[in-house]
Participant: 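Just dropping this structure here.
Counting begins at 1 with the first residue of the sequence.
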Amino acid sequence: MDRARTGRGHNGTGDGNGNGNGNGNLRAGEPITKLRAIVVDDEPLARRGLEIRLADHADVEIVGQYGDGAAAIEGLRRHRPDLMFLDVQMPGMDGFETLRSIPAVEMPLVVFVTAYDHYAIRAFEASATDYLLKPVDDTRLHQALAKVRQAHSQREASGHCAHLLGLLSELSGHPMLDLDEALKPDALEQLRREDKLAVRDGGRTVRVDLNSIRWIDAAGDYMCIHTDNETLVLRATMRDLEKQLDPQRFPRIHRSTIVNARRVVEMRPHTNGEGYLRLDCGQELKLSRSHRDKLDLLL
């Protein structure tokens with residue numbers, strides 16, 4: 001059953017600022033990144049004892065307490081905690097069965113808490129971050145939380161890296177782009193030299209042959225990429241596309257237009273220093289006065 005935290009340091013008799021004596025690697029003045037935790041144990045006194053000890057760690061916030069595995073799984077889905085203190089022996093679904101029922105993408109860091117040390121090997125085989133024996137010793141809890149903080153930092157860094165690589169892979173059209181490739185000094189220029197442009201068009205991602213692009217123009221909050229066969233519409237800005245395209249090959253000729261320089265066959269001057277460009281498909285585009293410096297690229 002969920003229960004609001006009533007231990008020291010947060011909602012109890014502490015100083016109200018979360019200052020305790022067991023914060024491991026935390027230093028005075030540093031911003032505190034909260035570790036959201038749940039406690040799973042069928043013994044109310046054991047849950048309460050761990051709650052009291054955790055109150056001395058300002059960066060740990062208990063968001064739920066549960067007395068069995070099934071309730072814990074539901075709590076995981078509701079709260080998405082960073083950390084779970086999990087008892088091994090519980091009626092019905094024990095700690096190991098509980099872990100096997102949790103999808104990998106929802107799995108928090110796990111610290112097993114039990115009265116029996118012979119479960120230690122199985123706990124670490126289950127990829128537990130640490131293992132605590134009841135009654136929980138303050139020193140061992142301090143050590144376990146130090147491991148948790150380190151593992152949490154590594155997990156966050158890995159997740160952020162994976163997210164960035166995913167975005168870069170999507171932009172480049174290379175689904176297998178890895179960290180070494182992304183960190184190359186000329187990575188962006190290499191992407192610009194590719195013959196394909198990855199474009200999100202509605203719910204699909206399309207790799208467009210750059211040679212097939214005639215011109216690109218803005219339509220409100222959307223960009224229209226006009227190719228030989230179709231017009232693709234995506235939610236983006238002119239600046240987004242400029243970053244992905246080689247400006248020598250795809251110069252901007254107007255505040256709302258980019259053109260494939262290789263598709264320009266004629267330039268016709270107009271008033272006030274402006275001009276019109278005719279493409280090989282017959283389409284005419286305005287060359288604004290502020291972009292006349294692109295003429296060398298176009299003809």
Participant: Please give me the minimum heavy-atom distance between P251 and A261, naming the atom from each residue.
Facilitator: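 Looking at all heavy atoms of both residues, the shortest contact is CD-CB, 4.0 Å.
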
Participant: Quick check: does any side chain N or O of R140 sit under 3.5 Å from a backbone N or O of Q143, one acting as donor and the other as acceptor?
Facilitator: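 Judged by distance alone, no pair lies under 3.5 Å.
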
Participant: Hey, what's the ring geometry for H226 with W215, parallel, tilted or perpendicular (30° and 60° as the breaks)?
Facilitator: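 Parallel.
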
Participant: Between V39 and E51, is there a side-chain heavy-atom distance shorter than 4.5 Å?
Facilitator: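 No; the side chains remain at least 4.5 Å from each other.
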
Participant: Going by the salt bridge (charged side-chain N to carboxylate O under 4.0 Å, His left out) test, name the single residue among R36, R149, K34 that passes it with D59.
Facilitator: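 The single option meeting the salt bridge (charged side-chain N to carboxylate O under 4.0 Å, His left out) with D59 is R149.
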
Participant: Could you walk me through whether D68 and M93 satisfy the side-chain contact (heavy atoms from CB on, under 4.5 Å) test, starting with their C-alpha distance in whole Å, then the side-chain angles of each, then the deciding distance to 0.1 Å, before giving a yes or no?
Facilitator: CA-CA 7 Å; D68 60 80; M93 184 184 296; over 6 Å; no

Participant: Within a strict 4.5 Å, meaning less than it, do heavy atoms of the L285 and L279 side chains meet?
Facilitator: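 SC-SC contact between L285 and L279 confirmed.
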
Participant: Looking only at non-hydrogen atoms, find the nearest pair between A144 and D130 and report the distance.
Facilitator: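 For A144 versus D130, the nearest heavy atoms are CA-OD2, 3.3 Å.
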
Participant: State the OG-CZ distance between S290 and R252, to the nearest 0.5 angstrom.
Facilitator: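 If we round to the nearest 0.5 Å, S290:OG and R252:CZ are 9.0 Å apart.
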
Participant: Do R292 side-chain atoms and I253 backbone N/O form a donor-acceptor pair below 3.5 Å?
Facilitator: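 Flag not set: sc R292 to bb I253 has no pair under 3.5 Å.
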
Participant: Looking at D228, T231, D280, which one forms a side-chain hydrogen bond (donor to acceptor under 3.5 Å, both in side chains) with R214?
Facilitator: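 Checked D228, T231, D280 against R214; only one passes side-chain hydrogen bond (donor to acceptor under 3.5 Å, both in side chains): D228.
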
Participant: Could you go through L210 and R249, starting from their C-alpha distance and side-chain angles, then the distance that decides it, and tell me whether this counts as side-chain contact (heavy atoms from CB on, under 4.5 Å)?
Facilitator: CA-CA 10 Å; L210 293 182; R249 188 172 173 184; 3.7 Å; yes

Participant: Would you say R48 and I52 make side-chain contact, with heavy atoms under 4.5 Å?
Facilitator: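 Yes. Closest side-chain heavy atoms under 4.5 Å.
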
Participant: Kindly indicate whether the side chain of V60, heavy atoms from C-beta on, has any atom under 4.5 Å from the side chain of L145.
Facilitator: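 In short, these two side chains touch, coming nearer than 4.5 Å.
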
Participant: Would you mind reporting whether K286 and E274 have side-chain heavy atoms less than 4.5 Å apart?
Facilitator: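 Yes, at least one pair of side-chain atoms sits under 4.5 Å.
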
Participant: List the steps, then state whether side-chain contact (heavy atoms from CB on, under 4.5 Å) holds for H291 with T257.
Facilitator: CA-CA 11 Å; H291 289 87; T257 310; over 6 Å; no

Participant: Is R263 reaching over with its side chain to a backbone N or O of N211, donor-acceptor style, under 3.5 angstrom?
Facilitator: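 Confirmed, R263 side chain pairs with N211 backbone.
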
Participant: Taking NZ, NE, NH1 and NH2 as the nitrogens, is one of them in K134 or D41 under 4.0 Å from a carboxylate oxygen of the other?
Facilitator: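 The answer is yes: the pair qualifies as a salt bridge.
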
Participant: What's the spacing between D240 CG and R235 CZ if we round to 0.5 Å?
Facilitator: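 Between atom CG of D240 and atom CZ of R235 there are 11.5 Å.
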
Participant: Can you check whether M84 reaches I102 side chain to side chain, under 4.5 Å on heavy atoms?
Facilitator: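 In contact.
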
Participant: Looking at Y66 and G75, what are the two nearest heavy atoms and their distance?
Facilitator: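 Closest approach of Y66 to G75, heavy atoms only: OH-CA, 3.2 Å.
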
Participant: Say whether, by atom type as modelled, one donor and one acceptor occur between the side chain of E97 and the main chain of D94 under 3.5 angstrom.
Facilitator: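 Present.
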
Participant: Which pair of heavy atoms, one from V233 and one from C224, lies closest together, and at what distance?
Facilitator: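 So the two residues come closest at CG2-SG, 4.2 Å.
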
Participant: Tell me if the centroids of the rings in F96 and F112 come within less than 6.0 Å of each other.
Facilitator: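 Distance test on ring centres: under 6.0 Å, yes.
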
Participant: For a side-chain contact (heavy atoms from CB on, under 4.5 Å) check, start with the C-alpha distance between Y131 and V111, then their side-chain angles and the critical distance, and finish with the verdict.
Facilitator: CA-CA 5 Å; Y131 179 96; V111 174; over 6 Å; no

Participant: Which atoms form the tightest heavy-atom contact between M238 and S256, and what is the distance?
Facilitator: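 Closest heavy-atom pair between M238 and S256: CE-C, 3.1 Å.
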
Participant: Using atom types as modelled and distance alone, determine if a side-chain donor or acceptor of N260 lies under 3.5 Å from a backbone N or O of I213.
Facilitator: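 Side chain of N260 to backbone of I213: a pair is present.
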
Participant: Can you tell me how far CG of L54 sits from CG of L141, rounded to the nearest 0.5 angstrom?
Facilitator: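 Spacing of CG (L141) from CG (L54) equals 5.5 Å.
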
Participant: Hey, could you give me the CG/CD distance between D217 and Q283, rounded to the nearest 0.5 Å?
Facilitator: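 Those atoms lie 8.5 Å apart.
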
Participant: Counting distance only, does the side-chain N/O of S212 pair as donor-acceptor with the main-chain N or O of V208 below 3.5 Å?
Facilitator: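 Side chain of S212 to backbone of V208, a donor-acceptor pair under 3.5 Å: no, none is there.
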
Participant: Taking all atoms of both residues into account, what is the closest heavy-atom pair of V40 and A72, and its distance?
Facilitator: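 Taking V40 first and A72 second, the nearest heavy atoms are CG2-CB, 3.5 Å.
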
Participant: With a 4.5 Å cut-off on side-chain heavy atoms, are Q65 and I38 touching?
Facilitator: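 Not in contact.
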
Participant: If you define the side chain from C-beta out and look only at heavy atoms, does anything of T98 sit under 4.5 Å from M90?
Facilitator: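 Side-chain contact under 4.5 Å: yes.
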
Participant: Could you grab the distance from atom CG of D209 to atom CG of N229, nearest 0.5 Å is fine?
Facilitator: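 Atom-to-atom, D209:CG and N229:CG are 10.0 Å apart.
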
Participant: Is it the case that over 12 heavy atoms from other parts of the model lie below 6.0 angstrom from the CZ atom of R289?
Facilitator: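 No, because the 6.0 Å sphere around CZ of R289 holds 12 heavy atoms or fewer from other groups.
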
Participant: How about T139 and H142: does a side-chain donor come under 3.5 Å of a side-chain acceptor?
Facilitator: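 Absent: no donor and acceptor within the cut-off.
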
Participant: Could you give the distance from CD (Q154) to CD (Q150), rounded to the nearest 0.5 Å?
Facilitator: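 Answer rounded to 0.5 Å: 5.0 Å.
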
Participant: For a quick check under 3.5 Å, do Y276 and R268 share a side-chain donor-acceptor pair by atom type?
Facilitator: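 No, no side-chain donor-acceptor pair sits under 3.5 Å.
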
